Amino acid sequence: MCVECGCGLPGPTRIDGKPASEVSSPLIEDPHAYSHEHDHGDGHVHRHEHAHGREHDHAHEHAHPHSDDLAHDHEHLHDHTHDHDQPHREIAVHQSIFAANDRMAERNRGFFKALGLFTLNVVSSPGSGKTALLQKTIERLQPVTRVGVIVGDLETDNDARRLRTTGAPVVQISTGTLCHLDAEMIARAVGQLDAKALDVLFIENVGNLVCPAEFDLGEDLRVALLSVTEGEDKPLKYPPMFRHAHVVVITKTDLAPHVDFDRAAALANIRRVNPKARIFDVSAKTGAGMDEWCDYLKARRTGNLV
């Protein structure tokens, strides 16, 4: 269950139609499979495996009888602390959930870095234009850049089918009742892609301006969308989403004159919660602003950002 809004129950998460627990991934089964080298700037270069953080899960095996006289060996994973002090119990559970996600996100980050895969987590409210922006972005990048996509949605694969028309490989995560993607979902989904053959991975998160702000997926760049049809005050109403974004893209700018969008007020509101975010004005429909947006992504991926 989401610890932020309480939505959903542990449910039928599926990846390309299969139960997520049955989808294999090197990040789950063999977390040490990928490593990469670090240069600390002093001429000393050595290899790191970013498969895990400082904390470790552990397992042990034991057998015990059941009421039906059947006994079997099995494993228990332990990744929790015991705190029987009633006033602190809820806080401990909350922290444990995020700690487990953060460890998995670090594993993802190391995996992506080892492959040189530039990864973006795209977040926004429903209907803000994520899929249209990604479709046009992929079409512009693909002639020279190999792009893959992971799409999250509660139920349908409409967005995934639309993005597959670009020719890019796409994996669909159906969360069932959950309002966000988490790091383990990404770890399992990326196992369905030939990640070594990609340069850029877009993650289209579930449409929601609340919970995705709290879940690190291991991405390089978090991109928050604000469409002109939503109103200028969304950054103030949902500050965590915009505060944690590296980039804010104002979308559907071709509609701005028709909805009396106050751009100056929108920019001021974004700056109030995030003074450092890079801001782009884009219309996927007309192509306005797409060159600047795509040039920025190319520069970030190659490390040539001025």
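From a predicted model like this one, the values you see are computed outputs, not experimental measurements.
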Which word best sums up how the rings of Phe280 and Tyr296 line up, parallel for under 30°, tilted for 30 to 60°, or perpendicular for over 60°?
-> tilted
Ignoring hydrogens and angles, tell me if any N or O in the side chain of Glu230 forms a donor-acceptor pair with the backbone of Ser227 under 3.5 Å.
-> yes
Starting at CG of Leu201, measure out to OG1 of Thr119 and round the result to the nearest 0.5 Å.
-> 5.0 Å
Would you say Gln192's side chain and Asp16's backbone share a donor-acceptor pair under 3.5 angstrom?
-> no
Closest contact, heavy atoms only, Lys234 versus Leu209 = CD-CD1, 4.0 Å
Tell me, do Pro235 and Arg272 make a side-chain contact under 4.5 Å, heavy atoms counted?
-> no
Closest approach of Val149 to Leu193 (non-hydrogen atoms, all atoms of both residues) | O-CD1, 4.5 Å
Are any of the side-chain heavy atoms of His246 and Asp220 separated by less than 4.5 Å?
-> no
Within the 6.0 Å centroid threshold, strictly below: Phe98 and Phe215 | yes
Steps toward side chain to side chain contact (heavy atoms under 4.5 Å, CB included) verdict (Ile186, Phe111) | CA-CA 12 Å; Ile186 298 303; Phe111 178 83; over 6 Å; no
Which residue pairs pass the salt bridge (Lys or Arg N to Asp or Glu O under 4.0 Å) test with at least one member in residues 116-145, sequence neighbours excluded?
-> Lys136-Glu139, Arg140-Asp291
Would you check if the side chain of Arg109 reaches a backbone N or O of Glu219 as a donor-acceptor pair within less than 3.5 Å?
-> yes
Leu115 vs Leu198 side-chain heavy atoms within contact, under 4.5 Å | no
Where Leu163 and Thr166 come nearest, the two heavy atoms and their spacing | O-OG1, 2.6 Å
Evaluation steps, side chain to side chain contact (heavy atoms under 4.5 Å, CB included), between Leu120 and Val247 | CA-CA 10 Å; Leu120 299 90; Val247 175; over 6 Å; no
Least distance between heavy atoms, Val248 atom then Phe242 atom = CG2-CD2, 4.1 Å
Residues Asn101 and Asp216: side-chain donor-acceptor under 3.5 angstrom | no
Should we count CZ of Arg161 as having more than 12 external heavy atoms under 6.0 Å?
-> yes
Can you tell me how far CZ of Arg14 sits from CE of Met185, rounded to the nearest 0.5 angstrom?
-> 13.5 Å
Report the distance from atom CG of Asp153 to atom CG of Leu181, rounding to the nearest 0.5 Å.
-> 9.5 Å
From the list Leu225, Val282, Leu267, side-chain contact (heavy atoms from CB on, under 4.5 Å) partner of Ile250 resolves to Leu267
Rounded distance (nearest 0.5 Å) linking atom CG of Leu226 with atom CD of Glu232 = 8.5 Å
Enter the distance from Ile150:CD1 to Asn121:CG here, rounded to the nearest 0.5 Å.
-> 10.0 Å
Give me the one residue out of Val171, Leu27, Ile15 that meets side-chain contact (heavy atoms from CB on, under 4.5 Å) with Val190.
-> Leu27
If you measure from the Lys or Arg side-chain nitrogens to the Asp or Glu carboxylate oxygens, is any gap between Arg263 and Asp281 under 4.0 Å?
-> yes
Closest contact, heavy atoms only, Ala245 versus Ala277 | O-CB, 4.1 Å
Tell me, with the steps shown, if Leu141 and Cys294 meet side chain to side chain contact (heavy atoms under 4.5 Å, CB included).
-> CA-CA 7 Å; Leu141 294 178; Cys294 290; 4.2 Å; yes
Using the test side chain to side chain donor-acceptor pair (under 3.5 Å), find all partners of Ser24 that sit at least two apart in sequence or belong to another chain.
-> none
Side-chain touch Val210/Tyr238, heavy atoms, less than 4.5 angstrom = yes
Report yes if some heavy atom in the side chain of His180 is under 4.5 Å from a heavy atom in the side chain of Val206; otherwise report no.
-> no
Thr251 and Ser128 have their tightest heavy-atom pair at OG1-O, 2.7 Å
Do Asn269 side-chain atoms and Ala265 backbone N/O form a donor-acceptor pair below 3.5 Å?
-> yes
Interatomic spacing from CG in Leu133 to NZ in Lys285 - rounded to 0.5 Å = 15.5 Å
Please lay out, stage by stage, how Thr145 and Arg301 fare under the test side chain to side chain contact (heavy atoms under 4.5 Å, CB included).
-> CA-CA 10 Å; Thr145 306; Arg301 185 179 78 81; 4.1 Å; yes
Contacts of Glu204 that satisfy side chain to side chain donor-acceptor pair (under 3.5 Å) - sequence neighbours left out | Thr131
Arg107 side chain vs Glu184 backbone, donor-acceptor pair below 3.5 Å | no
